[in-house]
Amino acid sequence: MTRSDSRLWKRDAVSDDRKQTWRSDFPVTSRGEDDVTRREFVRYLVLASGAFAAGSVGVAAWTSVRHIDRGEPMPIVAADKVVVGEAHLFTFPTDDDPAILLRLPDDELRAYSQKCTHLGCVVYYAPDDDELVCPCHEGFFDASTGDVTAGPPERPLPRISVEVRDGTVWALEVEES
Ligand code: FES
């Protein structure tokens, strides 16, 4: 091979390489277009996964630093106003949090958040069955423990500790679940 043949051969090789790059970036066949679409799709997936992972970390961090308001002790009602099998509604720990105080058949007092743990509907007391009932999707909670007995809720009702002080029922705090 002469020197000029060799130069021509190298130039053709370089030119072929360039063609390959050009062809893969700007395909002219429909098969090539599929490759580009797949490549873009993978790129999109990587970006979406990264964004999702960053979002999850952000939510976890926010949850860990969030202050959970368990409330301050406050009087609710005169103890003799709540008789066996009846309920008294109040708000705790804030004015926007409905709560329910019950006097059970064994004369014990119990208080719970009135928001169903499924989707937040308000529960009511059914003393005949000794249950708290959510009418939205037929969720049922044990009135003595707040545990779910039937229906879609998966968590018990948050319990509020109570105490009788000088004839008045006080709400103390939302207990940790
Ligand atoms: S909101 Fe109570 S069962 Fe769905």
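All values derive from a computational prediction rather than experimental measurement. Each ligand, and each atom within it, is numbered from 1 in the order the structure gives.
Here salt bridge (charged side-chain N to carboxylate O under 4.0 Å, His left out) pairs that include residues 94-103, with residues two or more places apart or in two chains, are Asp97-Lys115, Arg103-Asp107.
No path of Ile, Leu, Val, Met, Phe, Trp and Tyr side chains, each step under 4.5 Å between heavy atoms, connects Tyr112 with Leu101, placing them in separate hydrophobic clusters.
Tally of protein N, O or S atoms closer to atom 4 (Fe) of ligand 1 than 2.8 Å: 2.
Taking Glu108 as the reference, Arg110 meet the salt bridge (charged side-chain N to carboxylate O under 4.0 Å, His left out) condition, with sequence neighbours excluded. Taking Ala78 as the reference, Asp80, Lys81 meet the side chain to side chain contact (heavy atoms under 4.5 Å, CB included) condition, with sequence neighbours excluded.
Note: Phe90 and His88 have parallel aromatic rings, judged against thresholds of 30 and 60 degrees for the angle between ring planes.
Looking at Tyr124, its side chain never comes within 3.5 Å of a backbone N or O of Leu132 through a donor-acceptor pair.
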